[in-house]
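Okay, so here's the structure we're looking at.
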Amino acid sequence: MSETRPFLANQVQFHLEDDDGPLRNPIELLDRSADLGFDGIELRDATWTESEETRDDVRAYVDSNDVHLVYATGTELLIPNRGDGQEQLWADIDTAADIGAPYLRVFTGDVPDESHQSWDKAAEAVEYASQRDVNLLLENHGLEPGTTVSELTDVLSTLDDPTLRVNVDVGNFYANEIAVQEAIETLADDIRYVHFRDPSAPDDVVGTGEMPMTEIATMLNELDQEVWYGFEFLGGDDPETALVESRRFVESTF
């Protein structure tokens with residue numbers, strides 16, 4: 001690990017099974033990612049059974065170990081078609097805070113005009129996240145809405161809060177035919193977390209496809225702020241090997 005570039009595995013890579021079915025216990029995932037040489041993991045709302053006991057167990061693990069933890073939700077920050085609150089987003093903020101994750105990955109949702117009431121709801125959520133010491137990270141989605149650089153910058157500039165930053169998914173930009181290096185240059189100051197993957201490569205393994213990954217990683221390495229490096233892809237029949245090979249490639253760019 002570089003001092004300012006910790007490496008995180010992702011819950012999506014662990015399709016392991018034991019006698020009782022899929023291995024999805026967060027503590028087992030934290031242990032497994034550490035065994036593979038990672039500094040932490042991105043846990044996801046869709047793939048673990050969330051409970052108070054689970055939150056307490058994860059928080060105790062994080063407090064006892066030098067773990068970098070991101071919590072990811074599919075909840076959107078802006079919901080123009082629902083004016084009666086964003087209860088799930090607030091619950092996701094609570095979960096991130098309770099388990100010791102300083103970052104919560106969210107999507108923009110449909111970006112409305114500046115007079116829409118969903119901006120007020122979003123601002124309240126950002127303020128609540130700040131109170132709970134959680135930073136909200138906007139990820140560029142693989143599917144509309146929220147795929148473009150302009151959508152991210154519109155949300156950042158309108159809400160204008162240091163609690164709101166960016167999770168750049170370089171593979172999503174590439175898949176949507178958005179120039180990755182230009183996107184990084186535009187978003188540079190706000191990038192706090194990266195999803196590495198290469199949609200042009202077999203099983204998305206970083207450094208084995210057509211994406212200019214050496215140049216992309218070098219740009220990210222040169223950012224002044226601390227940036228966490230995550231790897232978000234399924235990884236085919238051998239996801240652990242794909243995960244480790246991808247990390248080693250990015251390490252080679254330091």
Side-chain angles (χ1 to χ4, degrees), residues 1-11 26-27 29-30 33-34 38-48 50-79 85-109 118-140 152 155-169 187-195 223-230 232:
M1 174 185 75
S2 164
E3 183 177 347
T4 60
R5 298 294 187 271
F7 289 105
L8 280 72
N10 195 299
Q11 192 159 354
I27 302 302
L29 296 176
L30 285 159
S33 62
F38 286 82
D39 307 299
I41 194 169
E42 176 184 313
L43 297 176
R44 307 171 73 93
D45 63 342
T47 50
W48 68 320
E50 204 269 311
S51 67
E52 183 175 351
E53 181 179 4
T54 302
R55 292 196 301 270
D56 291 345
D57 289 344
V58 173
R59 183 56 183 258
Y61 188 105
V62 170
D63 288 346
S64 300
N65 298 275
D66 185 17
V67 175
H68 294 73
L69 190 62
V70 171
Y71 188 58
T73 176
T75 307
E76 297 171 337
L77 181 61
L78 292 157
I79 309 178
Q86 295 173 297
E87 293 83 0
Q88 185 58 51
L89 179 56
W90 287 55
D92 293 331
I93 293 168
D94 284 335
T95 298
D98 290 345
I99 66 177
Y103 293 141
L104 173 65
R105 190 286 311 275
V106 299
F107 295 115
T108 63
S118 61
W119 286 110
D120 293 333
K121 296 290 186 180
E124 291 170 4
V126 172
E127 174 60 25
Y128 183 64
S130 177
Q131 293 171 7
R132 298 233 56 193
D133 293 324
V134 172
N135 293 274
L136 302 183
L137 301 183
L138 297 171
E139 179 183 348
N140 52 297
L152 298 179
V155 176
L156 291 168
S157 62
T158 300
L159 293 175
D160 191 22
D161 192 296
T163 301
L164 188 64
R165 298 296 189 181
V166 173
N167 168 194
V168 163
D169 189 309
L187 298 167
D189 291 343
D190 291 302
I191 297 172
R192 296 296 182 272
Y193 183 45
V194 176
H195 280 160
L223 296 176
D224 292 334
Q225 70 270 21
E226 180 173 320
V227 181
W228 294 13
Y229 283 176
E232 187 194 41

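Basis for what follows: all heavy atoms, side chains included, without hydrogens, waters or symmetry-related copies.
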Of all residues at least two apart in sequence or in a different chain, which pass the salt bridge (Lys or Arg N to Asp or Glu O under 4.0 Å) check with [X]?
X: Arg165; value: Asp190
X: Asp63; value: Arg59
X: Asp161; value: none
X: Asp169; value: Arg197

Side chain to side chain donor-acceptor pair (under 3.5 Å) partners of [X], counting only residues at least two apart:
X: Glu124; value: none
X: Tyr229; value: Arg5, Asn221
X: Asn167; value: none
X: Asp133; value: none

Original post:
Any idea how Trp228 and His68 line up, ring-wise: parallel (<30°), tilted (30 to 60°), or perpendicular (>60°)?
Top reply: perpendicular
[Y] side chain reached by [X] side chain, heavy atoms, under 4.5 Å:
X: Leu137; Y: Val166; value: no
X: Leu152; Y: Asn140; value: yes
X: Leu89; Y: Lys121; value: no
X: Leu136; Y: Ile93; value: yes
X: Thr75; Y: Val106; value: no
X: Tyr128; Y: Asp94; value: yes

Between [atom1] of [X] and [atom2] of [Y], what distance do you get to the nearest 0.5 Å?
X: Leu164; Y: Glu127; atom1: CG; atom2: CD; value: 12.5 Å
X: Asp66; Y: Asp39; atom1: CG; atom2: CG; value: 7.5 Å
X: Glu232; Y: Tyr193; atom1: CD; atom2: OH; value: 7.5 Å

The residue among Leu69, Val70, Leu8 that forms side chain to side chain contact (heavy atoms under 4.5 Å, CB included) with Ile41 is Leu69
Tested for side chain to side chain contact (heavy atoms under 4.5 Å, CB included) against Leu43, the lone hit among Asn10, Leu29, Thr95 is Leu29
What heavy-atom pair brings [X] and [Y] nearest, and what distance separates the two atoms?
X: Pro26; Y: Thr54; value: CG-CG2, 3.8 Å
X: Gly109; Y: Glu76; value: CA-CD, 3.6 Å
X: Arg105; Y: Ala72; value: NH2-CB, 3.7 Å

Counting heavy atoms not belonging to Asp189, are there more than 12 under 6.0 Å from its CG?
-> no
Applying ring-ring contact (aromatic ring centres under 6.0 Å, His included) to Tyr61 and not counting sequence neighbours gives none
Run the side-chain contact (heavy atoms from CB on, under 4.5 Å) test against [X] and tell me which residues pass, sequence neighbours left out.
X: Ser130; answer: Thr163
X: Gln225; answer: Ile191, Arg192, Leu223, Val227
X: Ala122; answer: Leu77, Leu78, Leu159

